[in-house]
Amino acid sequence: MRRATSGVLRFWIVPVTLVLWELLTRMTESPFFPPPSRIAGQFHDMWLSGPLSQLLLTDAALDTFGPSLGRLLAGWTVAGVLGIALGVALGRIRGLAEYTDPVLQFLRALPPPLLVPIFFVLFKIGTPTQLAVIVFGVIWPVLVNTTDGVRAVDKGFLETARVFQFSRYDILRRVILPSAMPKIFAGLRLSLSLALILMVVSELVGSNSGIGYSLLYAQQSYDYAGVWAHIVLLGVLGLLFNALFLVAEGRVLSWHANARRNV
């Protein structure tokens, strides 16, 4: 009971903020800052007024969410696979990191939105360009965290594996990757939030579908309540993705949490 009460009290700021927001926006009557009640109504009309057979999602929601979530998950998955593979190589191959570090740091400093014209030339307008933007911007947290995690593997574990004559593949699969997994998951979690942002950015230019395109259309139509509804939608998606990722992380890394408790 005490835990439930403390959990509810932690979110007291949410209703207080909404009430203050509602009062202030109605007092100022600014078209750029509609009240939360109007934003909620717009949110419902745009995406949550569909039939029960579609889980209340409207046809517009299905047409908008599908392409965006597909690009987000595809780009995040590709970036995760590439980041883990390159991170393991940089962490284990001597000298490779020293030769490639200047190039990687240079590429890492480039803002992905500024590379959109280059991606247009390389991949043409469409989904390939949008995926390239997401992958390029998302790969770095995974790459850096994987490299650090691989380098931090306890040498005693590696020596023990060699004593038992583990093959290189077995050492990688049974020693290196499990030891680096907490850092890898930290990088994947950071990259997931970045993927959501870059998904919208990639859809603002040269796209005819998706959340970013819908947001741009609402802005150009001076539908400010619709713009705020898109912002709320992105916040809800961010919370949902983070919650789902934490559940998956807890299941995969349950052994790590148990080991820390026993230490």
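Here, residue 1 is the first one in the sequence, and each next residue gets the next number. The shown structure was predicted, so the numbers you read here are calculated from the model rather than taken from an experiment.
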Would you say the side chain of [Y] lies within less than 4.5 Å of the side chain of [X], judging by non-hydrogen atoms?
X	Y	answer
Phe157	Asp154	yes
Ile118	Val121	no
Arg168	Leu172	no
Val227	Asp223	no
Phe119	Val133	yes
Tyr213	Leu216	no
Asn208	Tyr217	no
Val200	His230	no

Is the side chain of [X] donor-acceptor paired with the backbone N or O of [Y] at a distance under 3.5 Å, no angle test?
X	Y	result
Ser214	Gly210	no
Glu203	Ile211	yes
Thr146	Leu143	no
Asn145	Pro141	yes
Ser68	Phe65	no
Thr64	Ala61	no
Thr58	Met46	yes

Group every Ile, Leu, Val, Met, Phe, Trp and Tyr by side-chain heavy-atom contacts under 4.5 Å, then state whether [X] and [Y] land in the same group.
X	Y	answer
Ile84	Leu73	yes
Leu18	Val16	yes
Phe241	Val252	yes
Ile93	Leu86	yes
Ile176	Met181	yes

Return the [atom1] to [atom2] distance between [X] and [Y], rounded to the nearest 0.5 Å.
X	Y	atom1	atom2	value
Tyr169	Arg174	OH	CZ	11.0 Å
Asp148	Ile184	CG	CD1	11.0 Å
Leu69	Met199	CG	CE	6.5 Å
Ile139	Leu104	CD1	CG	9.0 Å
Leu233	Ile39	CG	CD1	12.5 Å
Ser191	Ile134	OG	CD1	11.5 Å

Do Phe136 and Leu198 pass the side chain to side chain contact (heavy atoms under 4.5 Å, CB included) test, and can you show the C-alpha distance, the side-chain angles, and the key distance before you say yes or no? CA-CA 10 Å; Phe136 183 85; Leu198 291 175; over 6 Å; no

What is the minimum heavy-atom distance between [X] and [Y], and which atoms define it?
X	Y	answer
Pro117	Pro113	CD-O, 4.3 Å
Ala229	Gln42	CB-CG, 4.3 Å
Leu192	Trp76	N-NE1, 3.6 Å
Ile171	Ala161	CG1-CB, 3.9 Å
Leu57	Pro51	O-CD, 4.1 Å
Ala180	Val150	CB-N, 3.8 Å

Suppose we call two aromatic rings close when their centres sit under 6.0 Å apart. Are Phe245 and Phe185 close by that rule?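 Distance test on ring centres: under 6.0 Å, yes.
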
Any chance the rings of Phe43 and Trp228 have centres within less than 6.0 Å?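 No, the ring of Phe43 stays outside the 6.0 Å limit from the ring of Trp228, centre to centre.
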
Would you check, one step at a time, whether the test side chain to side chain contact (heavy atoms under 4.5 Å, CB included) holds for Arg108 with Val144? CA-CA 10 Å; Arg108 184 183 172 194; Val144 172; 3.9 Å; yes

Taking the inter-plane angle between the rings of Phe166 and Phe164 on a 0 to 90° scale, is it parallel (under 30°), tilted (30 to 60°) or perpendicular (over 60°)?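 Rings of Phe166 and Phe164: tilted, as their planes differ by 30° to 60°.
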
If you draw a 6.0 Å radius around CD in Glu98, do more than 12 non-hydrogen atoms from other residues or ligands fall strictly inside?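 For Glu98, atom CD is not crowded (no more than 12 foreign heavy atoms under 6.0 Å).
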
Are a donor atom and an acceptor atom from the side chains of Arg71 and Ser209 found within less than 3.5 Å of each other?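 Arg71 vs Ser209: donor-acceptor pair found between side chains.
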
Under a 4.0 Å threshold between the charged nitrogen and the carboxylate oxygen, would Arg26 count as salt-bridged to Glu22?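 Salt bridge between Glu22 and Arg26, a charged N being under 4.0 Å from a carboxylate O: yes.
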
Given Val205 and Phe120, is the side chain to side chain contact (heavy atoms under 4.5 Å, CB included) satisfied, shown in steps? CA-CA 10 Å; Val205 181; Phe120 279 159; 3.6 Å; yes

Residues Asp101, Leu90; criterion side chain to side chain contact (heavy atoms under 4.5 Å, CB included); working and verdict: CA-CA 9 Å; Asp101 186 68; Leu90 291 173; over 6 Å; no

